[in-house]
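Encoded as structure tokens, the structure appears first; notes follow it.
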Amino acid sequence: METGYWPRQPEEFRLVLSPDAEAGWRARQALRERFSDSLPRQMVIDLIAVVTELVNNAVAHGPGRPITVAPAVGDENVRGEVADQGNPAGAIPQIEKAETHLHGLELVDKLTSRWAVYEGSTHVWFEMPVQT
């Protein structure tokens with residue numbers, strides 16, 4: 001019998017959110033419900049913080065189209081994506097000028113092992129090591 005938190009197969013989850021003021025809250029609720037039994041408590045807290053920041057950025061700076069959140073939990077890491085279907089030509093200058101926005105991305109940088117924006121998009125991906 002196996003014990004611990006780690007699934008044998010990657011545990012995938014996909015959520016599509018309306019780009020409104022409640023999107024971050026809905027993302028937190030869904031992630032907490034989905035991963036509280038399969039990840040350590042601190043890992044769930046960190047995952048929620050990263051996704052909430054990225055979703056809030058998509059609401060604030062995105063085109064007002066649905067936001068897709070797709071985390072996948074594996075044995076060694078959590079890989080997630082947040083996409084807002086935005087125009088990168090318009091979004092990147094806003095990101096560079098938004099001082100409060102950068103503070104949130106510093107949190108994303110601190111809590112993830114790697115993160116980036118797919119070239120030519122506003123589609124963000126991140127990785128976090130699974131905590132034991």
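Just so it is clear, the model here is predicted, and its values are computed rather than measured.
Contact between I67 and A58 at its shortest, heavy atoms only, is CD1-CB, 3.7 Å. Heavy atoms only, all atoms of each residue included: G24 and T52 are closest at O-OG1, 4.1 Å. In this structure, L15 and A30 approach most closely via the heavy-atom pair CD2-CB, 3.7 Å. Closest non-hydrogen pair, V108 versus L54, comes out as CG2-CD2, 4.1 Å. Here the closest heavy-atom approach between residue A27 and residue V55 is recorded as CB-CG2, 4.3 Å. Taking both residues in full, the closest heavy atoms of P71 and L31 are given as CG-CD2, 3.8 Å, listed atom of the first, atom of the second, then distance.
Counting only residues at least two apart or in different chains, salt bridge (charged side-chain N to carboxylate O under 4.0 Å, His left out) contacts with residues 110-131 comprise R79-E127, R114-E127. Every pair passing side chain to side chain donor-acceptor pair (under 3.5 Å) that includes a residue from residues 21-30 is listed here, sequence neighbours excluded: D20-R26, Q29-R32.
The residue from V69, D46, V124 that alone fulfils the side chain to side chain contact (heavy atoms under 4.5 Å, CB included) condition with V51 is V69.
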V117/H123 under side-chain contact (heavy atoms from CB on, under 4.5 Å): CA gap, chis, key distance, verdict: CA-CA 6 Å; V117 178; H123 188 143; 5.7 Å; no
Full working for side-chain contact (heavy atoms from CB on, under 4.5 Å) between T68 and E81: CA-CA 8 Å; T68 303; E81 298 185 5; over 6 Å; no
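Going from atom OG1 of T112 over to atom CG of L105 covers 10.0 Å, rounded to the nearest 0.5 Å. Taking CZ of R34 as the start and CG of L39 as the end, the distance is 10.5 Å to the nearest 0.5 Å. Distance check: H61 NE2 to D84 CG gives 10.0 Å after rounding to the nearest 0.5 Å.
Using cut-offs of 30° and 60° for the angle between ring planes, the W125 and Y118 rings count as tilted.
Cluster partners of V16, using a side-chain heavy-atom cutoff of under 4.5 Å among ILVMFWY residues and allowing indirect links: none.
Remark: I45 engages R41, Q42 in a side-chain contact (heavy atoms from CB on, under 4.5 Å) (not counting sequence neighbours). Applying the side-chain contact (heavy atoms from CB on, under 4.5 Å) rule to A49 yields the partners L107, L111; only residues at least two apart in sequence or on another chain are considered. D109 meets the side-chain contact (heavy atoms from CB on, under 4.5 Å) test with W115; sequence neighbours excluded. With sequence neighbours excluded, no residue forms a side-chain hydrogen bond (donor to acceptor under 3.5 Å, both in side chains) with N56.
Side-chain atoms of R65 come within 3.5 Å of backbone atoms of Q85 as a donor-acceptor pair (strictly under, hydrogens ignored).
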